Amino acid sequence: MTTTRGLEGVVATTSSISSIVNDVLTYRGYNIDDLAENASFEEVIYLLWNDKLPNKQELDQFSAKLAEDAVIPEEIINQIKSYPSDKVSPMAALRTAVSTLALYDEEADDMSEEANYRKAIRLQAKIPTVVTTFSRIREGKEPISPKKDLSFAANFLFTLNGEMPEEVAVTAINKALVLHADHELNASTFTGRVCVATLSDIYSGVTSAIGALKGPLHGGANERVMKMLSEIGSVENVDSYLHQAFEKKEKIMGFGHRVYKTGDPRAKHLKEMSRKLTELTGETKWYEMSTKMEQIVRDEKGLPPNVDFYSASVYHSLGIDHDLFTPLFAVSRVSGWIAHILEQYSNNRLIRPRAEYVGATNQSYVSVENR
Ligand code: COA
């Protein structure tokens, strides 16, 4: 038996959802650059789940269903009100609330294809509302119901802030959602697939995936990037901060990637958004600090920024609380998780690798009194 730490380079399944080849990311064969410039997030979800872009009628119906299903049960709102919200992270709250949503879905354990697709829409629709409801409740505000005539991106901002969002903010959120939607067999997607490969239900799959996304080596990195930028404070401090971190052999959040070697194709879109949005807010220092960091980390460590690096200053410029950055990643990535979960069900085999045993051998039991 040969072991591969972190399963690096191991091909664990076939998939026709997204691919990373020569540092180019595609969803169902469409280059991410094309989708980021042109597609709505609703179109991308439909593409991921149905293997084709929707026509006008399909898109209208699909978008209407997503908006209709976005309301969350009163029981979930009351449960969120009972969370110790000054102490829990929004990702922990999201993980718990998504698991609880299953208790209020009569089809939760119906494994038919049709029921799974209906649950997929419900999960995709309700997750943003859970995030924004948690955010409002912890600020002592009343939750806001999503509007049926708003786009997915606009509803996220509307239910978060309680006011109609500006077009520039909606466009930025839509693009960020498109860019985060799927990413081949990343850690949270693999977690979701492992879970449902036991033929567990879709809510369990998504709940486990949220748990995996929460970690700082995965989705949790974007929040840490903003923490780091805030600590650095100014362009002048970037150099000394980074050199101290290099000396201490600390990981610089938002840099490096298991699969991309020359660069993450999503980062350039977020970089440009960061430039534009920080100009609009007048806080260009976040962009300037970020570009300086990029230059130094690239030159001295050979590491390019990943998707999380510039998304931090983008979300900050949109006025989003820093600990909501990773939940916002989940709002998008749930579309990819679900596509993979449905693909797993369609051609399932239990995922059960082996471990190479390196522990003690030939031990004999000694009674507790004699140990
Ligand atoms: N800062 C500094 N050094 C880094 C680094 C970073 N962000 N990312 C990788 N490296 C270095 C490691 O220290 C290691 O060096 P070594 O061989 O001298 O020990 C080498 O590059 C390989 O890193 P490793 O952690 O083994 O790679 P991985 O494929 O297991 O991990 C990540 C990939 C993404 C987890 C890793 O790059 C990382 O921790 N990045 C920061 C967190 C982050 O931004 N996550 C979001 C990913 S989208």
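Predicted, not measured: the structure shown is a model, and the values here were computed from it. In listed order, ligands and their atoms are each counted from 1.
Interface of Leu303 with ligand 1, defined as ligand atoms under 4.0 Å from a residue heavy atom, comprises 1 (N), 2 (C), 3 (N), 4 (C), 5 (C), 6 (C), 8 (N), 10 (N). Atoms of ligand 1 lying under 4.0 Å from at least one heavy atom of Leu217, given by number and element, are 35 (C), 39 (O), 45 (N), 46 (C), 47 (C).
For atom 21 (O) of ligand 1, the nearest protein heavy atom lies 4.0 Å or farther away. Taking a distance limit of 4.0 Å, we find that atom 31 (O) of ligand 1 is approached by no protein heavy atom. Within the 4.0 Å cut-off (strictly below), a protein heavy atom is located near atom 34 (C) of ligand 1.
Of the polar atoms of Arg258, at least one N or O is found under 3.5 Å from an N or O of ligand 1, judged by distance alone. Polar contact with ligand 1: absent for Ala221 (N/O pair, distance under 3.5 Å). For ligand 1, the polar-atom distance check against Asp308 finds no nitrogen or oxygen pair separated by under 3.5 Å.
No single ILVMFWY cluster, assembled from side-chain heavy atoms under 4.5 Å apart, contains both Val71 and Ile76. Cluster membership check: Ile144 does not share its hydrophobic cluster with Val170, using side-chain heavy-atom separations under 4.5 Å among Ile, Leu, Val, Met, Phe, Trp and Tyr.
For the pair Gly254 and ligand 1, a heavy-atom separation below 4.0 Å is found.
At most 12 heavy atoms of other shown residues, nucleotides or ligands fall within 6.0 angstrom of atom NZ in Lys56.
Across Asp323, Leu324, Thr159, Asn161, a single residue satisfies side chain to side chain contact (heavy atoms under 4.5 Å, CB included) together with Ser135, and that is Leu324.
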(message) I'd like to know whether His218 forms a ring-ring contact (aromatic ring centres under 6.0 Å, His included) with His183, so could you lay out the CA-CA distance, the side-chain angles of the two residues, the decisive distance to 0.1 Å, and finally the verdict.
(response) CA-CA 12 Å; His218 190 9; His183 206 220; 8.7 Å; no

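A salt bridge does not link Lys148 with Glu68: every distance from a Lys NZ or Arg NE/NH1/NH2 to an Asp or Glu carboxylate oxygen is 4.0 Å or more.
In the candidate list Met253, Arg266, Lys251, His257, Lys251 is nearest to atom 39 (O) of ligand 1, counting heavy atoms.
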